[in-house]
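Data first, discussion second: the structure below is written as structure tokens.
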Amino acid sequence: MIDHEGANRGVISTEEAMEIAVDAGLDLVEIQPNANPPVCKILDYGRYKYQAQKKAAETRKKQKTVEIKEIKMRPNIDTHDYEVKMRNMLRFFNDGDKVKVTLRFRGREMAHQDLGMNLLNKVREETSEIAKVESSPKLEGRQMVMVLAPIK
């Protein structure tokens, strides 16, 4: 047993430990139940739970969840529209998010999949310093998809 001052009292009976805890006005908490003999500590359990909850909230606050942002394009995208999408993509990478670039083909555009592949390769080259390709361009039905992740 460890008392409320942090001193090791050694192996004592449960009744004696409960008496010490009641005298101190604190709780007897079993810290390691699987040890032989089990390790108990005298402390304020409400305060202990509160501090553990605060610590868990602090670690959750520091965590960054990685989102997957999607950028949709067409094979014959205009230069200005392309530049706007690239600016957004750079902003997403700076925020630490992954980007899924979706290239949608409509009608006869399916006959010119090489144009779509060229566009995705251009995106890959322009973002090569700040992002790596997580999944290379592949055709899924009428759209070509590529996933980029920021380099840390």
Side-chain angles (χ1 to χ4, degrees), residues 1-9 17 21 24-152:
M1 187 193 86
I2 300 168
D3 66 6
H4 58 282
E5 293 160 358
N8 189 348
R9 290 278 187 103
L26 300 171
D27 305 309
L28 180 68
V29 181
E30 193 174 34
I31 303 294
Q32 290 183 327
N34 298 332
N36 193 11
V39 178
C40 294
K41 187 172 186 178
I42 296 176
L43 50 85
D44 183 0
Y45 188 66
R47 183 172 173 220
Y48 172 76
K49 272 180 47 177
Y50 175 74
Q51 287 175 339
Q53 185 181 10
K54 281 291 203 189
K55 190 175 180 182
E58 189 68 31
T59 57
R60 268 197 312 275
K61 189 165 65 170
K62 289 181 182 175
Q63 271 182 357
K64 168 71 172 99
T65 55
V66 176
E67 293 183 42
I68 297 182
K69 303 286 190 169
E70 186 172 18
I71 298 283
K72 293 185 179 181
M73 296 184 185
R74 296 270 312 282
N76 56 348
I77 190 169
D78 189 49
T79 55
H80 180 264
D81 296 335
Y82 175 78
E83 289 166 6
V84 169
K85 300 224 183 244
M86 288 303 290
R87 257 197 318 271
N88 287 335
M89 212 179 297
L90 295 176
R91 184 168 44 90
F92 295 150
F93 288 137
N94 289 336
D95 292 343
D97 297 325
K98 293 181 182 179
V99 176
K100 177 180 177 183
V101 183
T102 304
L103 196 67
R104 179 164 284 148
F105 296 99
R106 290 158 91 192
R108 293 185 186 157
E109 290 174 351
M110 282 299 288
H112 302 286
Q113 292 177 11
D114 55 326
L115 294 175
M117 189 58 87
N118 292 342
L119 182 64
L120 289 179
N121 285 334
K122 183 178 173 187
V123 169
R124 180 190 307 179
E125 289 168 18
E126 288 187 19
T127 61
S128 63
E129 293 105 43
I130 58 167
K132 63 181 182 283
V133 177
E134 200 165 83
S135 83
S136 55
K138 55 181 168 270
L139 195 66
E140 297 175 356
R142 287 195 155 270
Q143 43 189 29
M144 201 173 279
V145 179
M146 175 173 69
V147 178
L148 300 167
I151 297 174
K152 293 187 167 94

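- Of the inter-residue distances, the one linking Ile71 atom CD1 with Lys85 atom NZ reads 6.0 Å to the nearest 0.5 angstrom.
- In this structure, the side chains of Met86 and Thr127 come closer than 4.5 Å at one or more pairs of heavy atoms.
- For the pair Lys41 and Tyr48, the cation-pi test (distance below 6.0 Å, angle within 45°) is failed.
- Residues Thr102 and Gln143 bring no donor and acceptor atom of their side chains to less than 3.5 Å of each other.
- Within a 6.0 Å radius of CD in Gln32, no more than 12 heavy atoms belonging to other residues, nucleotides or ligands are found.
- Within the model, atoms CG of Leu103 and CD of Glu140 stand 12.0 Å from one another, a figure rounded to the nearest 0.5 Å.
- Between the side chain of Asp27 and the backbone N or O of Tyr45, at least one donor-acceptor pair lies under 3.5 Å.
- We find the SG-CZ distance between Cys40 and Arg9 to be 13.5 Å, quoted to the nearest 0.5 Å.
- Within the 4.5 Å cutoff, no side-chain heavy atoms of Val101 are placed close to those of Val145.
- The 12-atom threshold is not exceeded at NZ of Lys49, counting heavy atoms of other residues, nucleotides or ligands nearer than 6.0 Å.
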Exercise. Apply side chain to side chain contact (heavy atoms under 4.5 Å, CB included) to the pair Leu115 and Asn76, showing each step before the final yes or no.
Key: CA-CA 8 Å; Leu115 294 175; Asn76 56 348; over 6 Å; no
Exercise. Might you work through the side chain to side chain contact (heavy atoms under 4.5 Å, CB included) test for Lys122 and Asn118, ending with a clear yes or no?
Key: CA-CA 6 Å; Lys122 183 178 173 187; Asn118 292 342; over 6 Å; no
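- The shortest heavy-atom contact between Phe105 and His112 is CE2-O, 4.1 Å.
- Defined by atom type and a distance below 3.5 Å, a donor-acceptor pair is missing between the side-chain atoms of Arg91 and Asn94.
- Side chains of Asp97 and Val99 form no contact here, defined as non-hydrogen atoms less than 4.5 Å apart.
- Put simply, the side chain of Leu26 does not reach to within 4.5 Å of the side chain of Leu43, judged on heavy atoms.
- Rounding to the nearest 0.5 angstrom, the gap separating the CG atom in Asp114 from the CE atom in Met117 is 9.5 Å.
- Side-chain contact between Gln51 and Arg47 is present, with at least one heavy-atom pair separated by less than 4.5 Å.
- Taking NZ of Lys69 as the reference point, atom CZ of Phe93 lies at 12.5 Å (rounded to 0.5 Å).
- Using a 4.5 Å cut-off on side-chain heavy atoms (C-beta onward), Glu67 and Asp95 make no contact.
- Within 6.0 Å of CZ on Arg142 lie more than 12 heavy atoms contributed by other residues, nucleotides or ligands.
- A pairwise comparison of heavy atoms in Leu148 and Met89 identifies CD1-SD, 4.1 Å as the closest pair.
- Scanning all heavy atoms of the two residues, the minimum distance from Leu120 to Pro137 falls at CD1-CB, 3.6 Å.
- Ser128 and Ile151 get closest at one heavy-atom pair: O-CD1, 3.9 Å.
- Arg104 and Arg74 get closest at one heavy-atom pair: O-CD, 3.6 Å.
- Closest non-hydrogen pair, Met144 versus Gln113, comes out as CE-O, 3.9 Å.
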